[in-house]
Amino acid sequence: MSMAIPDLQDVVAEIADEMRQRVDRGDVATYIPELARVDPGHFGIAVIDAEGHVATGGDADTPFSIQSISKVFTLTLALGLAGDRLWQRVGREPSGSRFNSIVQLESERGIPRNPFINAGAIAVTDLILSGHQPREALGEILRFLQFLADDTTIQIDKAVAASEQRTGFRNAALANYMKSYGVLDNPVDFTLGVYFHHCAISMSCRQLATAGRFLAHLGRNPSTGFSVVTPERARRINAVMLTCGHYDGSGEFAYRVGLPGKSGVGGGIIAIAPGKASIAVWSPGLDESGNSHLGRIALEALAKRLNLSIFGS
Ligand code: GLU
């Protein structure tokens, strides 16, 4: 039996109000020049419960750069294409290193630790690209998100993609390094082009929370009845989100929030309360691990007030 969450809109509005007033907002990412222009004053939140009730607060309908949150959806697509073969090219252990670190790649012979650090996500993108032109692969990813969010207006922010393409030297280094070990099948430029563009997809909290619903409900969107993945796969994607979704801040996020989640340097976080809710928050200022500062604080408050932690109340 699915359950509605009582007082959901009140709690969400209260948290949005608290976040609006905070002065500690973290720092926006500057290494992608286009992201440095985003106003750190934004805060948005959307929560969708098991019955499909949507509660929103703040800038819940303002699109932002989803960045690494896209990696949850490329992982889902790649598992659909390759099944468990995917795990031959990427691990599923937390990295304990920064999101764009290259050190582990050397000692682990070009196999990235997990699909959510940059190197791992580039390897996943390369798998989706195989057998396609970059434009087709990107179209697949975009259409998948439009389908999941039930919204065909979702688009790629070309300025963000171009900005990252111009300055993504470290990602190029990671990709070339993996290529030297034969981990990537496609030309490095093609794989990186698709990667930069899927990171540059813009979505609002409402759209992201909608897109995440299948992960909260055993692989199925309870509103439409569409099965996206098997229950086992949904469980496993959530497990990887819990252990690796916040880079070297994943332990802290599990400790404070207690939900599988994935952050992006655009300041968004998607979080899944299995059986209960799909949640998205956005605040562009980041903490020292590259995760949304107020986003995490808001999720901690939400999980606490609604008893959402997977570890019990
Ligand atoms: N596109 C970003 C990069 O590759 C993603 C990083 C993130 O969102 O954490 O650096």
Side-chain angles (χ1 to χ4, degrees), residues 26-38 63-75 90 94-102 104-105 112-126 128-129 138 141-142 145 156-178 184 188-203 205 208 240-241 243-250 252-253 261-271 280-293 295-296:
D27 300 309
V28 296
T30 50
Y31 78 100
I32 300 174
E34 201 60 24
L35 293 184
R37 296 156 43 124
V38 178
F64 60 90
S65 192
I66 67 169
Q67 292 295 321
S68 284
I69 302 174
S70 62
K71 297 172 183 176
V72 173
F73 304 100
T74 50
L75 172 65
V90 58
S95 69
S97 322
R98 283 193 64 73
F99 66 98
N100 56 7
S101 164
I102 202 164
Q104 265 165 2
L105 268 187
R113 263 297 166 95
N114 68 63
F116 292 155
I117 52 172
N118 285 8
I122 292 167
V124 166
T125 301
D126 184 74
I128 296 172
L129 174 57
L138 193 57
I141 298 167
L142 183 63
L145 274 166
I156 295 165
D157 185 330
K158 299 259 169 54
V160 172
S163 181
E164 194 167 351
Q165 203 137 23
R166 250 191 337 268
T167 57
F169 304 112
R170 194 179 272 254
N171 284 323
L174 294 170
N176 279 292
Y177 200 76
M178 289 189 285
L184 302 187
V188 165
D189 284 353
F190 284 17
T191 302
L192 282 175
V194 177
Y195 171 79
F196 291 143
H197 281 79
H198 75 62
C199 287
I201 291 172
S202 284
M203 289 171 74
C205 289
L208 269 175
V240 182
M241 285 170 74
T243 51
C244 311
H246 284 74
Y247 308 117
D248 50 339
S250 298
E252 185 70 6
F253 188 82
K262 181 74 202 87
S263 68
V265 290
I269 305 178
I270 184 170
V281 292
W282 172 50
S283 177
L286 309 179
D287 63 20
E288 60 291 344
S289 304
N291 301 310
S292 175
H293 175 67
R296 200 265 296 144

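In this chain, residues are counted from 1 in sequence order. In each ligand, atom 1 is the first atom listed, and ligand 1 is the first ligand listed.
For T74, there are no side-chain hydrogen bond (donor to acceptor under 3.5 Å, both in side chains) partners at least two apart in sequence or on another chain. Residues meeting the ring pair (Phe, Tyr, Trp, His ring centres under 6.0 Å) test with Y247, sequence neighbours left out: F99. Under the rule for a ring pair (Phe, Tyr, Trp, His ring centres under 6.0 Å), the partners of F253 that lie at least two apart in sequence or sit in another chain are H246.
When only modelled atom types and interatomic distance are considered, N100 and N118 share no side-chain donor-acceptor pair under 3.5 Å.
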Under 3.5 Å: N or O atoms of ligand 1 paired with protein N or O:
unit_1	atom_1	unit_2	atom_2	d
ligand 1	1 (N)	Q67	OE1	2.5
ligand 1	1 (N)	E164	OE1	3.0
ligand 1	1 (N)	E164	OE2	2.6
ligand 1	4 (O)	N118	ND2	3.1
ligand 1	4 (O)	E164	OE2	3.0
ligand 1	4 (O)	N171	ND2	2.8
ligand 1	4 (O)	Y195	OH	2.6
ligand 1	8 (O)	S68	N	3.0
ligand 1	8 (O)	S68	OG	2.7
ligand 1	8 (O)	V265	N	2.8
ligand 1	9 (O)	S68	OG	2.9
ligand 1	9 (O)	Y247	OH	2.4
ligand 1	10 (O)	Y31	OH	2.5
ligand 1	10 (O)	N118	ND2	3.1

Worked check of side chain to side chain contact (heavy atoms under 4.5 Å, CB included) between S70 and Y195: CA-CA 9 Å; S70 62; Y195 171 79; over 6 Å; no
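Residue Y31 comes nearest to T167 through the heavy atom pair O-OG1, 3.7 Å, listed as atom of the first residue, atom of the second, then distance.
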